[in-house]
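One structure below.
The basis for the numbers below is simple: all heavy atoms, side chains too, and nothing from hydrogens, waters or symmetry mates.
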Amino acid sequence: MQKTTVVVIGGGATGVGILRDLCMRGVDAILLEQQDLAYGTSSRYHGLLHSGGRYAVKDAEAGKECIEENTILRRIGRHCVEQTEGFFARTHLDDEAFEGKWVEACAKVGIPTIPISVEEALRLEPNLSPKIKSVYRVPDAAIDGFRMVWQNVASARKYGGRVLTYTTVIGIEHSNNQVVGIKVRNTLTGEVSNIACDFIISAAGSWAGEIAALAGISVNVQPDRGTLIAFNHRITSRIVNRLRPASDGDIFVPHGSITILGTTSASVNKPDDTVPNAKEVVELLNIGEALFEDIRSYRMLRAFAGTRPLYSADPNATGRGASRGFVTLDHAHDGLKGFVSVVGGKFTTYRLMAEKVTDLVCGYLNVKTPCRTAEENLVEDTSPALMAKARLYFPAYGAELAASRLGSEGLEKVIARIQEKPEKRQLLCECENVTMAEVEEAAADSTSYMISDVRRKTRMGMGTCQGAFCTFRSVGAVDANGLSWGKDTNVLFKEFLQGRWKGIRPILWGNVMREMELTRGIYEGTLNINGAIDNEGI
């Protein structure tokens, strides 16, 4: 039986942030995640590093937290952040009276807002609708949720942090009203085991209510589903927010060569209700036309959805009526010592959430070491010498992409693989410039159990072709390396392609339909992965 001081439940941004903070303070900790890291909300959102402007009017405290954490994450996680800046633009459909309230509210919480002329805004972002009435510049930015989660894990591991993925919590063990351990099930093998611990921190997001219920405690977390669209165009170089009270389809966020439009808001019963539908896509397109009139001429890559973990002591507060702030719940007040839940909040405030809950737990553990997560960078900068070496082996700007995904240590390992076997510089994913050596490095990590785990680490299959060409290359690489979980290539094909199909199905019209037919022709027609072709008849 494994033993540790603290078990952290949840492998999203908040959970890995807590793991990092605990380990940096010298506390032994293990993180548990029921799927892969960043599988839930932390990778199913628009990737906006909030300035706080969206919340300034209605939720001033959340707005203040956002602008403060925005500044910190730009510094400690700069390899995950694209400093795009942002616009808040009022369209001809929006209430002019709200604009004054918004400017005043932003000033009160310290969010800089700089008015610019519509002419200047259209010069900087020529795809914007010429019907917009006013524009303000704010310090928004784009942030890569996958990369931020993995860099937190890399930092935590340096301090002894342990991570167990595909591990579902099925019981909370306690004696005399004190936590003594946790019972878990391996979701891949079904094996049940126990982990002895002194403290449990639930950072399970939309699943926080279910975790608390294992201990007979009620936590009112309402999953709220948000659907988004990814376009295969950089429609805008800046974040563009619609200047009106928070509503659906208000935000366009550029990431690399794509743009994400989001999001909707709908209360759901299950935390994993994350399948978008065509109706939501059409609604987002209709709303988005107010900011970008030609939105329907841009190619859509996929639609996706995640659930926000909205918390309120008032069970009637749902959707956009619930606060975007966060709460730390000490369940000693509910009769169980050694159990804490952190609920609500936003990706932008994950580090602050982690600091507050770690302060609470360290108080119980009599650990006096102060929090340093706002001072120490998540990963070290890649040295000029290492970057010069990387450029010898990676195509064009691929060296910079690989360095940002892998960090210095990972990049060195990948370069060593290529030096040993030069053929491993071959690109398996041309859209995202992912080499065979990088796929092998990701596959070798202790948290990789299937091809989609590798995809989330490398972004393979997440570009223009949506897996049409990189799926058979990556499956071939896994098979050639003899990985224990890669023996059945047919299973690998289906698992990877189904993950892509889930997001393509809601947008299946026009060019997307034709491109999907190409993918189907490759895998069903040529490779016959569904066995539809009778081999005896060939």
Side-chain angles (χ1 to χ4, degrees), residues 43-49 81-87 89 91 121-132 135 140-147 226-242 248-264 276 278 280-305 396-398 400-401 404 429-434 459-470 500 503-516 518-519:
S43 64
R44 299 174 185 270
Y45 79 120
H46 39 50
L48 170 60
L49 182 61
V81 176
E82 185 180 355
Q83 303 202 33
T84 60
E85 83 162 355
F87 282 173
T91 77
L122 292 173
R123 184 186 71 79
L124 294 171
E125 297 295 347
N127 293 323
L128 269 172
S129 168
K131 296 178 182 177
I132 57 173
V135 182
D140 283 336
I143 187 165
D144 188 318
F146 290 106
R147 197 174 301 168
T227 294
L228 308 99
I229 306 172
F231 294 89
N232 191 41
H233 302 267
R234 195 170 171 100
I235 300 171
T236 170
S237 294
R238 292 163 179 79
I239 313 292
V240 178
N241 304 265
R242 191 162 165 182
D248 290 356
D250 281 353
I251 307 172
F252 286 82
V253 184
H255 289 274
S257 61
I258 73 167
T259 305
I260 294 175
L261 163 62
T263 173
T264 61
E280 293 169 325
V281 171
V282 172
E283 287 173 354
L284 283 171
L285 291 174
N286 290 338
I287 297 167
E289 283 180 321
L291 285 171
F292 293 93
E293 294 181 342
D294 297 330
I295 190 172
R296 294 176 188 275
S297 68
Y298 298 109
R299 178 193 169 202
M300 292 182 288
L301 273 180
R302 63 188 295 103
F304 61 100
Y397 66 95
E400 283 72 21
L401 287 174
S404 65
C429 177
E430 294 171 345
C431 300
E432 298 292 335
N433 274 232
V434 182
R459 295 192 61 81
M460 175 180 65
M462 297 172 73
T464 301
C465 83
Q466 286 292 289
F469 302 113
C470 55
R500 301 294 83 198
I504 293 170
R505 182 170 53 189
I507 60 169
L508 204 57
W509 60 79
N511 285 333
V512 178
M513 176 76 82
R514 288 187 280 273
E515 289 150 8
M516 195 61 207
L518 171 63
T519 302

Are side-chain heavy atoms of [X] and [Y] found at a separation under 4.5 Å?
X: Leu128; Y: Thr236; value: no
X: Leu401; Y: Arg459; value: no
X: Arg296; Y: Glu289; value: yes
X: Pro506; Y: Glu280; value: no

Any idea which heavy atoms bring [X] and [Y] closest together, and the distance?
X: Gly262; Y: Leu228; answer: CA-CD2, 3.9 Å
X: Leu291; Y: Ala89; answer: CD2-CB, 4.0 Å
X: Ala141; Y: Thr84; answer: CA-OG1, 3.6 Å
X: Ala121; Y: Val135; answer: CB-CG2, 3.7 Å
X: Val253; Y: Ala142; answer: CG1-CB, 4.0 Å
X: Leu122; Y: Pro130; answer: CD1-CA, 4.1 Å

Which distance, rounded to the nearest 0.5 Å, do you find between the [atom1] of [X] and the [atom2] of [Y]?
X: Leu285; Y: Met300; atom1: CG; atom2: CE; value: 5.5 Å
X: Asp294; Y: Asn127; atom1: CG; atom2: CG; value: 7.5 Å
X: His46; Y: Phe252; atom1: NE2; atom2: CZ; value: 12.0 Å
X: Ile251; Y: Tyr45; atom1: CD1; atom2: OH; value: 11.0 Å
X: Ile287; Y: Arg242; atom1: CD1; atom2: CZ; value: 7.5 Å
X: Phe292; Y: Leu261; atom1: CZ; atom2: CG; value: 9.5 Å

Residues that [X] engages under side-chain contact (heavy atoms from CB on, under 4.5 Å), provided they are two or more places apart:
X: Cys429; value: Cys431, Glu432, Val434, Met460, Cys470
X: Ala230; value: Ile258, Ile260, Leu301, Arg302, Phe304
X: Arg123; value: Glu120

Sub-3.5 Å donor-acceptor pair from the side chain of [X] to the main-chain atoms of [Y], do we have one?
X: His255; Y: Glu82; value: no
X: Asn241; Y: Phe87; value: yes
X: Asn232; Y: Arg299; value: no
X: Thr259; Y: His233; value: yes
X: Thr227; Y: Pro276; value: no
X: Glu125; Y: Arg238; value: yes
X: Glu293; Y: Ala290; value: no

